[in-house]
Amino acid sequence: MTRASWPGDVCAVVLAAGEGTRLRPLTERVPKALCPVGNVPLLDRALDRLAGLGLRSPARVAVNACYLADQVVAHVGDRAHLSVEPGDPLGTAGGVANLRDWIDGRPVLVGNADAYLADPATAPGPDVAALLDGWDRDSVRLLGQPAADPYAPGTFAGHCFTGFSLLPWRLVRDLPVVMSDLVRAVWRPAEAAGALDVVPYAGTFYDTGTPADYLAANLHAAAGGVLVDGSATVTGSCVESVVGADARVGGDVRRSVIWPGATVRDGERLRDAIRFGDDGTVQV
């Protein structure tokens with residue numbers, strides 16, 4: 001696909017306002033969008049994917065924030081336009097509506113910050129470019145993968161949503177700035193009108209919304225090996241695990257994630273777990 005085959009005025013919104021309640025206690029002090037997968041914050045993975053499409057800078061990319069918004073704002077810096085939602089998060093549709101003036105007539109590619117996508121055959125960015133290729137600027141497009149049960153609730157044309165959607169301006173301009181989600185406000189009405197298309201994603205996808213999926217995404221990023229940040233200290237044993245910056249591992253760690261700055265003491269044994277802080281553990 002070439003840039004000439006998709007609309008050059010498209011902008012992008014990364015949804016990063018959610019609290020991530022299912023990931024507690026991991027998200028008690030860190031917003032879900034900044035949780036690391038393969039030692040890279042999820043939000044950075046989303047921004048890197050957009051950059052791979054040529055979408056970068058505050059003129060082309062926006063990020064919304066709400067829960068622990070100060071952390072998201074500081075992390076994003078001047079890489080994107082920031083939309084801080086007061087009070088409770090506005091949801092996926094409300095968050096887009098709150099950016100209406102910034103979107104300003106453009107089609108918008110909307111990505112969930114917590115979506116982990118990886119295609120070994122295609123780099124981030126080009127791996128989702130089929131969403132834009134040959135688009136008619138009028139229909140809604142979703143990135144998806146075939147569902148185990150194609151008729152299960154939450155599926156679209158037999159597919160599960162995998163984190164990115166493409167919306168025409170005509171469906172964005174009238175969205176109200178209230179708590180609402182894209183499923184009911186945009187996607188299902190478009191589906192009922194015959195104006196929704198699902199574009200298959202060939203790679204691996206995890207939504208990272210649960211500890212099990214979050215661990216699975218990290219292990220996928222480690223590719224069956226051990227991924228250790230250069231500033232970590234490992235004197236124990238690590239197998240099929242991810243060890244973050246400034247972490248210290250003295251025990252036996254297998255199929256686990258050790259967060260930045262976390263400690264696994266001598267004699268400790270972790271299996272299928274996420275360690276944060278000095279002794280916080282989420283067992284999967």
Side-chain angles (χ1 to χ4, degrees), residues 18 20-28 30-49 52 111-124 127-128 143-148 160-164 201-265 268-284:
T21 55
R22 293 179 297 165
L23 279 178
R24 287 179 180 168
L26 296 175
T27 52
E28 286 180 351
V30 177
K32 179 170 58 172
L34 298 187
C35 291
V37 170
N39 287 334
V40 179
L42 281 161
L43 180 54
D44 286 353
R45 288 182 175 274
L47 292 174
D48 288 346
R49 177 163 274 104
N112 293 346
D114 61 356
Y116 171 82
L117 299 108
D119 186 344
T122 314
D127 65 339
V128 300
L143 198 68
Q145 290 185 326
C160 295
F161 174 61
T162 56
F164 280 82
Y201 182 68
T204 297
F205 163 75
Y206 292 101
D207 73 1
T208 72
T210 66
D213 282 343
Y214 176 74
L215 175 60
N218 270 277
L219 298 184
H220 185 273
V226 179
L227 191 57
V228 180
D229 185 89
S231 64
T233 301
V234 178
T235 56
S237 172
C238 283
V239 177
E240 293 184 64
S241 296
V242 177
V243 181
D246 299 315
R248 301 180 64 85
V249 177
D252 182 10
V253 173
R254 294 174 184 266
R255 292 183 53 82
S256 295
V257 179
I258 313 304
W259 267 28
T263 301
V264 181
R265 295 177 177 80
E268 275 196 280
R269 184 174 180 269
L270 289 185
R271 299 288 187 274
D272 298 296
I274 304 154
R275 168 58 54 88
F276 61 100
D278 287 338
D279 55 9
T281 305
V282 174
Q283 192 67 48
V284 176

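Owing to the predicted nature of the structure, the values given are computational and were not obtained by experimental measurement.
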Residue Arg271 excluded, over 12 heavy atoms near CZ under 6.0 Å: yes
Side-chain heavy atoms of Asp279 within contact of Thr263, under 4.5 Å: no
Shortest non-hydrogen contact from Asp119 toward Tyr201: N-OH, 3.4 Å
Arg49 side chain to Gly111 backbone, donor-acceptor under 3.5 Å: no
Within-4.5 Å side-chain heavy-atom neighbours: Ile274 and Ser256: no
Sidechain N-carboxylate O distance under 4.0 Å for Arg254, Asp272: no
Intermediate values then yes/no, side-chain contact (heavy atoms from CB on, under 4.5 Å), Phe205 and Cys160: CA-CA 10 Å; Phe205 163 75; Cys160 295; over 6 Å; no
Test item: Thr162 side-chain N/O and Leu143 main-chain N/O as donor-acceptor pair under 3.5 Å: yes
Heavy-atom donor-acceptor pair, Asp246 side chain to Pro260 backbone, under 3.5 Å: no
Donor-acceptor under 3.5 Å (Thr208 side chain, Tyr206 main chain): no
From OG1 (Thr27) to CG (Asp114), nearest 0.5 Å: 11.0 Å
Nearest-0.5 Å distance, CG of residue Leu42 to CG of residue Asn112: 11.0 Å
Min side-chain heavy-atom separation Cys238-Val249 under 4.5 Å: yes
Main-chain N/O of Gly203 paired with Gln145 side-chain donor or acceptor, under 3.5 Å: yes
Min side-chain heavy-atom separation Thr204-Leu117 under 4.5 Å: no
Test log, rule side chain to side chain donor-acceptor pair (under 3.5 Å), inputs Thr281 and Arg275: CA-CA 5 Å; Thr281 305; Arg275 168 58 54 88; 2.9 Å; yes
Flag, side chain of Arg45 to backbone of Val37, donor-acceptor distance under 3.5 Å: yes
Side-chain (Asp207) to main-chain (Gly209) donor-acceptor, under 3.5 angstrom: yes
Contact check, side chains of Thr210 and Tyr214, non-hydrogen atoms, under 4.5 Å: no
Interatomic spacing from CG in Leu215 to CD in Gln283 - rounded to 0.5 Å: 9.5 Å
Arg265 vs Asp278, side-chain contact (heavy atoms from CB on, under 4.5 Å): CA-CA, chis, key distance, verdict: CA-CA 9 Å; Arg265 295 177 177 80; Asp278 287 338; 3.7 Å; yes
Under 3.5 Å: donor-acceptor pair, side chain of Asn39, backbone of Val243: yes
Side-chain heavy-atom pair Pro25, Phe276 within 4.5 angstrom cut-off: yes
Under 3.5 Å: donor-acceptor pair, side chain of Thr122, backbone of Asp127: no
Contact check, side chains of Leu270 and Ile258, non-hydrogen atoms, under 4.5 Å: yes
Any residue meeting ring-ring contact (aromatic ring centres under 6.0 Å, His included) with Phe164, in chain and number order, not counting sequence neighbours: none
Trace of the side-chain contact (heavy atoms from CB on, under 4.5 Å) decision for Asp252 with Val264: CA-CA 8 Å; Asp252 182 10; Val264 181; over 6 Å; no
Any side-chain heavy-atom pair of Pro124 and Asp48 under 4.5 Å: no
Exam field: side chain Ser241 to backbone Val226, donor-acceptor pair closer than 3.5 Å: no
